[in-house]
There are 2 protein chains.
Amino acid sequence: MNPSQLSTRERILEYAGDMFGKKGFKSTTIRMIAQEAGVNVAAVNYHFRDKEGLYAEVIEDIFSKGFARFPSLDPKSDPAMSAEDRLKLFIRGTIYRILSPEGWGGLNGKGRLIAREMMEPTSAFTQVIETYIRPHKDRLVAILWEIVGKGARQEDILLSVVSILGQCIYYVYATSIIERVAPEYTPVENNIDKIIDHVFRFSLGGLENIKADKEIA
Amino acid sequence: MNPSQLSTRERILEYAGDMFGKKGFKSTTIRMIAQEAGVNVAAVNYHFRDKEGLYAEVIEDIFSKGFARFPSLDPKSDPAMSAEDRLKLFIRGTIYRILSPEGWGGLNGKGRLIAREMMEPTSAFTQVIETYIRPHKDRLVAILWEIVGKGARQEDILLSVVSILGQCIYYVYATSIIERVAPEYTPVENNIDKIIDHVFRFSLGGLENIKADKEIA
DNA sequence: GCAAAATTCAAACAAATGTTTTAATCATAT
DNA sequence: ATATGATTAAAACATTTGTTTGAATTTTGC
């Protein structure tokens with residue numbers, strides 16, 4: 001839909017998301033948002049009460065749309081599938097949600113706002129953690145138990161969750177550094193499928209090592 | 001040294017680092033820094049010209065001290081060592097620099113400021129990338145070539161660099177989320193050595209898989 | 001078509017904040 | 001000891017910015 005035919009409220013929500021992501025909460029001024037969205041400054045307070053109210057709705061909006069488009073449990077996955085294949089789908093969904101333009105668009109889009117929230121959660125984020133992030137993590141935990149086997153230690157599972165999600169999220173988080181330090185590297189946005197393959201292979205190898213160590217011990 | 005016997009200039013540098021990390025550049029006010037450091041507001045402009053000048057010096061100060069204390073090339077490492085052992089030392093140095101109290105102290109210390117800069121580099125960071133980060137990455141690249149073998153593809157090496165550094169850095173970046181989503185997990189700060197072991201094992205397994213794929217292809 | 005409600009708008013307000021000014025104080029070298 | 005320069009201090013300045021106000025305009029329900 002053409003932005004100009006969205007309602008005032010929706011236009012504010014849209015531009016505020018970009019702006020909060022690009023500049024952070026404090027550096028983003030209501031006047032900037034209003035100008036970008038082509039609305040009056042007072043419209044923000046009218047529709048969202050205050051700047052914090054707007055921010056909270058932006059966060060909720062981004063997460064609900066992101067997980068709706070790329071659920072943590074891929075609809076193509078099926079209980080009969082091997083745990084390895086489900087891991088691949090899980091990684092694919094996560095990376096597409098974070099990096100792709102249909103998702104959060106990486107560091108140049110809403111992804112930047114998410115990155116800020118992960119580092120420094122605001123009160124608006126508490127709800128999001130319970131609704132989206134915890135179930136997401138729990139699904140990964142379940143997959144890893146299957147791959148590593150019941151005899152594994154919970155600690156190793158949790159550390160592996162962090163290792164896998166860390167790889168995925170680091171691609172958003174460090175895009176600008178990656179591009180500066182390794183200019184020979186094709187921009188992240190054009191490489192999503194290669195990144196997915198790599199993270200999957202790398203993680204599967206990592207899990208093999210965790211499994212092997214368990215059996216030795 | 002007792003903070004109260006540091007020079008005005010050094011006290012400002014110290015408290016500004018914490019404050020910029022905790023609240024970000026924009027939200028940190030000169031008045032807050034001055035109050036914490038117990039100096040007059042005008043002292044900041046006197047010693048550092050303006051807020052940006054102060055910020056630039058804070059960044060340079062943090063990186064020079066961090067890499068001096070935990071160099072990317074561990075002094076204990078030795079060319080005769082196996083590449084695997086050097087990888088372990090590399091990961092150890094990186095994680096200690098980022099997480100330990102003698103280093104950047106993770107998300108509760110200067111680590112937070114670094115995390116901000118990685119996501120959104122300021123002009124003060126450009127210098128730091130060339131001086132510290134690029135050589136750091138180049139050392140890891142060299143180690144990985146040895147482990148994976150000369151026949152590997154450059155692309156796989158670069159992706160693996162991101163996978164390994166991503167795991168290390170994610171522990172700073174996501175500490176607060178980790179603690180909220182997995183309360184059963186012991187706080188990151190008390191777990192540094194376990195994290196190092198895990199990242200090393202996981203990464204070695206990942207690299208095995210990269211190596212194996214290369215040989216198949 | 002009209003009254004009531006919802007929305008938009010321009011202007012003003014009040015607080016926060018980076019910076020400058022000017023005078024006072026301290027340190028240092030002769 | 002004193003003069004010179006470096007440092008600190010309090011106050012004022014200029015700008016930015018979130019929010020409110022009250023009138024104008026548009027939309028909605030009947």
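Note that this is a predicted model, so its numbers are computed, not measured. Chain letters run A, B, ... following the sequence lines, proteins first, then strands; residues in each count from 1.
Rounded to an integer number of Å, the gap from A/Ile33 CD1 to D/dT19 C1' is 14 Å. Regarding A/Phe48, its CZ atom lies at a distance of 16 Å from the C1' atom of D/dG18, rounded to whole Å. Rounded to whole Å, the distance from CZ on B/Arg9 to P on D/dT8 is 11 Å. Following rounding to the nearest Å, A/Glu52 (CD) and D/dG18 (C1') show an atom-to-atom distance of 11 Å. When the C1' atom of D/dT17 is taken as reference, atom NZ of A/Lys23 falls 14 Å away, rounded to whole Å. Spacing between atom OH of A/Tyr55 and atom P of D/dG18 amounts to 14 Å, rounded to whole angstrom units. Distance, B/Tyr46 OH to D/dT8 P: 7 Å, rounded to whole Å. Counting to the nearest Å, the P atom of D/dT17 and the CG atom of A/Leu54 are 16 Å from each other.
Ring planes of B/Phe125 and B/Phe63: perpendicular class, angle over 60° (limits at 30 and 60°).
Using a 4.5 Å cut-off on side-chain heavy atoms (C-beta onward), A/Asp197 and A/Lys194 make no contact.
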Write down the protein N/O and nucleotide N/O pairs, taken from nucleotides 9-18 of chain C, whose separation is under 3.5 Å; answer none if there are no such pairs.
from, atom 1, to, atom 2, distance (Å)
C/dC9, OP2, A/Asn40, N, 3.3
C/dA10, N7, A/Asn40, ND2, 3.4
C/dG18, OP1, B/Thr28, O, 3.4
C/dG18, OP1, B/Lys51, NZ, 2.9
C/dG18, OP2, B/Ile30, N, 2.9
C/dG18, N7, B/Arg31, NH1, 2.8
C/dG18, O6, B/Arg31, NH2, 3.0

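For A/His47 and C/dA6, the shortest distance from a side-chain N or O to OP1 or OP2 is not below 4.0 Å. OP1 or OP2 of D/dT8 sits under 4.0 Å from a side-chain N or O of B/Thr8.
Every residue meeting the salt bridge (Lys or Arg N to Asp or Glu O under 4.0 Å) condition with A/Glu120, not counting sequence neighbours, appears here in chain and number order: B/Arg116.
Using a distance-only test at 3.5 Å, with no hydrogens or angles considered, no donor-acceptor pair links the side chain of A/Lys88 to the main chain of A/Ile196.
Under 3.5 Å, the side chains of A/Glu179 and A/Ser176 contain no donor-acceptor pair of N or O atoms.
Put simply, the residue from B/Arg97, B/Lys137, B/His136, B/Arg139 that forms a side-chain hydrogen bond (donor to acceptor under 3.5 Å, both in side chains) with B/Ser72 is B/Arg139.
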